Amino acid sequence: MNPERIEADFHERTTIYGYRCNSCGYILDESNGGYLYLQNDRGDRIPLKDHGEREIIAQMLRMEEESLHDCEALAASQEAMIDLMEERVGYLSACVCIDCLGQFGLDLRKDALVCPHCKSDHIRTLLEMTDKRCPSCRTGRMERF
């Protein structure tokens, strides 16, 4: 059996959404991105992939707000919270490197738009790949499944 088809069948059973080449079966997997994250005070990005995202963000930021007790006015505290949210909450978009075929998540507003594997800047989001030429075989088209 074709190894690419075996991989495609595996991904079909384990992936909620993705894109598949209609010719070779190459898979672009959305599990590498397409979700909110919260950056903790150590700089780690914690994925927020469930329906409790708002509550988790609120809880984490409330703990941070308590550490801002030196803000004397409520307005200053609220402004600090907005700044903290902009700094700590982001969205990882699922991306693919056209050169090495690496798949990864990037925050398109905050991260350098380069492949973390080969450092190429020839990357696309999965959404940009809809109905585009397959980056693997270069003959088929990427279709959502």
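Fair warning: this is a prediction, and the values are worked out from it, not measured in the lab. Because only heavy atoms are used, hydrogens play no part in the values below, and waters and symmetry mates are left out as well, while side chains stay in.
No side-chain heavy atom of Ser93 sits under 4.5 Å from any side-chain heavy atom of Leu106.
Interatomic distance, Leu28 CG to Leu126 CG, rounded to the nearest 0.5 Å: 4.5 Å. Separation of atoms CE (Met129) and OH (Tyr19) is listed at 10.0 Å; rounding is to 0.5 Å. With values rounded to the nearest 0.5 angstrom, Gln39 atom CD is found 7.0 Å from Glu87 atom CD. One finds the CG atom of Leu92 at 5.0 Å from the OH atom of Tyr35 (value rounded to the nearest 0.5 Å). In this structure, CD on Glu30 lies 9.0 Å from CZ on Phe145, to the nearest 0.5 angstrom. Between the CG atom of Leu38 and the CZ atom of Arg88 there is a distance of 7.5 Å, given to the nearest 0.5 Å.
The shortest heavy-atom contact between Phe104 and Ile123 is CZ-CG2, 3.7 Å. Here the closest non-hydrogen pair linking Asp107 and Gly90 is OD2-CA, 3.5 Å. Counting all heavy atoms, side chain and backbone alike, Gly140 lies closest to Asn22 at CA-OD1, 3.4 Å. The nearest pair of heavy atoms linking Arg133 to Met142 is O-CG, 4.4 Å.
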Pair up each side-chain donor or acceptor in residues 94-103 with any protein partner under 3.5 Å, not counting sequence neighbours, and list the distances.
unit_1: Asp99; atom_1: OD1; unit_2: His122; atom_2: ND1; d: 3.3
unit_1: Asp99; atom_1: OD2; unit_2: Ser120; atom_2: OG; d: 2.4
unit_1: Gln103; atom_1: OE1; unit_2: Asp29; atom_2: N; d: 2.8
unit_1: Gln103; atom_1: NE2; unit_2: Tyr26; atom_2: OH; d: 3.3
unit_1: Gln103; atom_1: NE2; unit_2: Ile27; atom_2: O; d: 2.9

**Asked** Could you go step by step and tell me if Leu113 and Asp121 meet the side chain to side chain contact (heavy atoms under 4.5 Å, CB included) rule?
**Response** CA-CA 6 Å; Leu113 301 181; Asp121 64 353; over 6 Å; no
**Message:** With side chain to side chain contact (heavy atoms under 4.5 Å, CB included) as the criterion, how do Ser136 and Cys21 come out once you've worked through the C-alpha distance, each side chain's angles and the decisive distance to 0.1 Å?
**Reply:** CA-CA 9 Å; Ser136 181; Cys21 175; over 6 Å; no
**Message:** Asn40 vs Ile46, test: side chain to side chain contact (heavy atoms under 4.5 Å, CB included). Steps then yes/no.
**Reply:** CA-CA 7 Å; Asn40 65 20; Ile46 302 162; 3.9 Å; yes
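Scored by the side-chain contact (heavy atoms from CB on, under 4.5 Å) test, Glu128 finds Arg124, Thr125 as partners (sequence neighbours excluded). Asp131 meets the side-chain contact (heavy atoms from CB on, under 4.5 Å) test with no other residue; sequence neighbours excluded. Thr139 pairs by the side-chain contact (heavy atoms from CB on, under 4.5 Å) definition with Ser23, Cys137, not counting sequence neighbours. Residues meeting the side chain to side chain donor-acceptor pair (under 3.5 Å) test with Arg42, sequence neighbours left out: Asp44.
Applying the side-chain hydrogen bond (donor to acceptor under 3.5 Å, both in side chains) test to pairs two or more places apart or on separate chains, those with a residue in residues 109-118 are Arg45-Asp111.
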